There are 2 protein chains.
Amino acid sequence: MILTENISKLYKLEGVEVHALRGINMTVAKGDFLSVIGPSGSGKSTLMNIIGCLDTPTAGCYLLNGHEVSSLSDNRLAEIRNQLIGFVFQSFNLLPRLSALENVELPLIYRGMGGRERQETALSALENVGLGDRIGHRPTQLSGGQQQRVAIARALVGNPPLILADEPTGNLDSTSGKEVMTLLQKLHSEGKTIVLITHDMDIAMQSQRYVRIHDGEIVEEKVVPS
Amino acid sequence: MILTENISKLYKLEGVEVHALRGINMTVAKGDFLSVIGPSGSGKSTLMNIIGCLDTPTAGCYLLNGHEVSSLSDNRLAEIRNQLIGFVFQSFNLLPRLSALENVELPLIYRGMGGRERQETALSALENVGLGDRIGHRPTQLSGGQQQRVAIARALVGNPPLILADEPTGNLDSTSGKEVMTLLQKLHSEGKTIVLITHDMDIAMQSQRYVRIHDGEIVEEKVVPS
Ligand SMILES: Nc1ncnc2c1ncn2[C@@H]1O[C@H](COP(=O)(O)OP(=O)(O)OP(=O)(O)O)[C@@H](O)[C@H]1O
Ligand SMILES: Nc1ncnc2c1ncn2[C@@H]1O[C@H](COP(=O)(O)OP(=O)(O)OP(=O)(O)O)[C@@H](O)[C@H]1O
Ligand SMILES: [Mg+2]
Ligand SMILES: [Mg+2]
């Protein structure tokens with residue numbers, strides 16, 4: 001489903017060059033559950049943004065379901081993102097003026113789902129992350145972990161085949177974190193493909209396999225013993 | 001140093017009432033290192049904001065160094081915050097148009113520190129969290145864990161006697177997280193008072209004692225065995 005060939009990302013800031021990614025070769029088959037681990041600043045989110053078609057590499061090529069992504073128009077990319085990918089961002093990216101329910105409804109609006117079905121589907125997604133009693137709250141009226149769970153509900157509500165989750169349990173206590181992992185494992189058993197960034201080795205051990213990134217390069221790949 | 005008596009916080013949203021805090025009684029002596037643990041949504045950040053003089057309780061009273069905080073003017077409160085408290089926010093709250101260095105210089109500007117000394121002090125604070133090579137980057141040009149470390153450097157740069165840290169290691173890999181805890185323990189051994197919110201029991205075990213919050217109430221208090 002995902003194939004990256006020699007992906008590099010270079011940032012240039014007033015004379016300083018940051019090689020955020022250097023020649024990443026990565027394959028994710030349909031139905032895989034892969035974790036990406038590595039130190040702070042090693043390039044995990046940068047890699048995720050490229051895989052999620054939110055950013056373009058400086059070099060190398062990225063095939064998503066066989067399509068060479070760099071050859072697609074912006075409209076086609078946005079369409080692919082909406083249909084194929086559910087994204088949990090490291091800093092949530094919720095819309096501050098919308099309620100939790102309205103934030104979760106957004107992906108369904110893009111898919112043209114009608115009002116009533118949309119509200120029920122969004123409500124059910126919020127209940128699945130334990131926030132059925134917070135649907136009217138806006139992001140500033142929610143705790144950090146609650147905002148994170150709204151972001152998770154929004155990523156999953158459209159039932160996307162590919163889920164990209166950047167640190168989805170960073171702000172959660174161990175019980176809420178377990179509930180999120182149980183939810184992801186259930187989706188995996190239903191055939192979804194999941195790529196998860198995490199700092200937590202306990203979390204990585206609940207996926208199928210992991211790659212370790214260091215200074216923009218993949219330095220290790222391991223299958224998680226079942 | 002901190003004494004709360006029966007602190008309560010009630011949010012009212014269109015007919016729904018959220019009792020975020022219910023009768024919190026808490027004492028923190030000068031030089032203590034206390035952790036606050038509890039599930040997502042239990043009231044930890046709300047408590048921290050009240051202790052940090054950023055929010056007012058709906059009921060109850062809060063004494064900081066013997067002053068009844070609710071009787072102080074806004075100016076006096078801001079003055080106290082700048083002189084006494086270093087705050088690491090759960091969502092960092094960095095100024096997006098300032099560089100990492102400029103963000104860390106802010107508390108020193110409020111203290112009237114001159115330009116040259118200010119830059120050197122801020123640079124040293126950033127080096128202490130491993131970001132000496134990122135000082136010119138703006139928040140959007142930093143990774144999640146790097147933004148968190150800038151927030152930590154900013155909280156510590158003015159050498160405040162009271163440090164309030166809300167999930168300071170949530171976005172950090174275990175090595176960067178250890179470096180931050182080593183830094184906090186060094187400050188504690190120098191006489192600083194530290195209150196730390198964390199979901200991570202490993203982190204709480206590195207402080208002196210912890211209180212557990214559940215649904216807005218303190219349900220457990222324990223000294224960490226040395
Ligand atoms: N827009 C940008 N301009 C310049 N440098 C950038 C930019 N965005 C990211 N970087 C740098 O690229 C490197 C990789 O960043 P990235 O966000 O991918 O790290 P990460 O592995 O997700 O880290 P964390 O675990 O802290 O979230 C970092 O060193 C960061 O400073
Ligand atoms: N402005 C607000 N209006 C209404 N309810 C609020 C507001 N701010 C917070 N809350 C509610 O108060 C409760 C406590 O929030 P708080 O942010 O203190 O939790 P927390 O323990 O820090 O959680 P986390 O571990 O997820 O960060 C939550 O249930 C939240 O929904
Ligand atoms: Mg990241
Ligand atoms: Mg919080």
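Just so you know, these numbers come straight off a predicted model, no measurement behind them. A note on names: the letters A, B, ... follow the listed sequences, proteins ahead of strands, and every chain is numbered from 1.
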Peer 1: Does the pair Arg118(A)/Glu120(A) count as a salt bridge with the N-to-O cut at 4.0 Å?
Peer 2: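 Salt bridge between Arg118(A) and Glu120(A), a charged N being under 4.0 Å from a carboxylate O: no.
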
Peer 1: Using a cut-off of under 4.5 Å for heavy-atom pairs, which of Asp173(A), Asn171(A), Val18(A) has the most such pairs with chain B?
Peer 2: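 Sorted descending by pairs with chain B, the first entry is Asp173(A).
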
Peer 1: How long is the gap from CZ on Arg154(B) to CG on Leu101(B), to the nearest 0.5 Å?
Peer 2: 13.5 Å

Peer 1: Is the backbone of Ser143(A) close enough, under 3.5 Å, to the side chain of Gln146(A) for a donor and an acceptor to pair up by distance?
Peer 2: yes

Peer 1: I need the residue from Glu167(B), His137(B), Glu14(B) with the largest number of non-hydrogen atom pairs under 4.5 Å to chain A.
Peer 2: His137(B)

Peer 1: At a heavy-atom distance under 4.5 Å, which candidate from Gly43(A), Ser45(A), Gly144(A) has the highest pair count against chain B?
Peer 2: Gly144(A)

Peer 1: Tell me, side chain or backbone of Ser40(B) under 4.5 Å from chain A's heavy atoms, or both, or neither?
Peer 2: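 For Ser40(B), heavy atoms of backbone and side chain both lie under 4.5 Å from chain A.
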
Peer 1: Identify which part of Gln141(A) has an atom lying under 4.5 Å from any heavy atom of chain B, answering side chain, backbone, both or neither.
Peer 2: side chain

Peer 1: Kindly compute the distance separating CE (Met181(B)) from CG (Leu172(B)), expressed to the nearest 0.5 Å.
Peer 2: 11.5 Å

Peer 1: Can you find a side-chain donor-acceptor pair between Lys9(B) and Asn49(B) that sits under 3.5 Å?
Peer 2: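 Checked: Lys9(B)/Asn49(B) side chains show no N/O donor-acceptor pair below 3.5 Å.
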
Peer 1: Could you tell me which portion of Ser176(A) (side chain, backbone, both or neither) has an atom closer than 4.5 angstrom to a non-hydrogen atom of chain B?
Peer 2: side chain

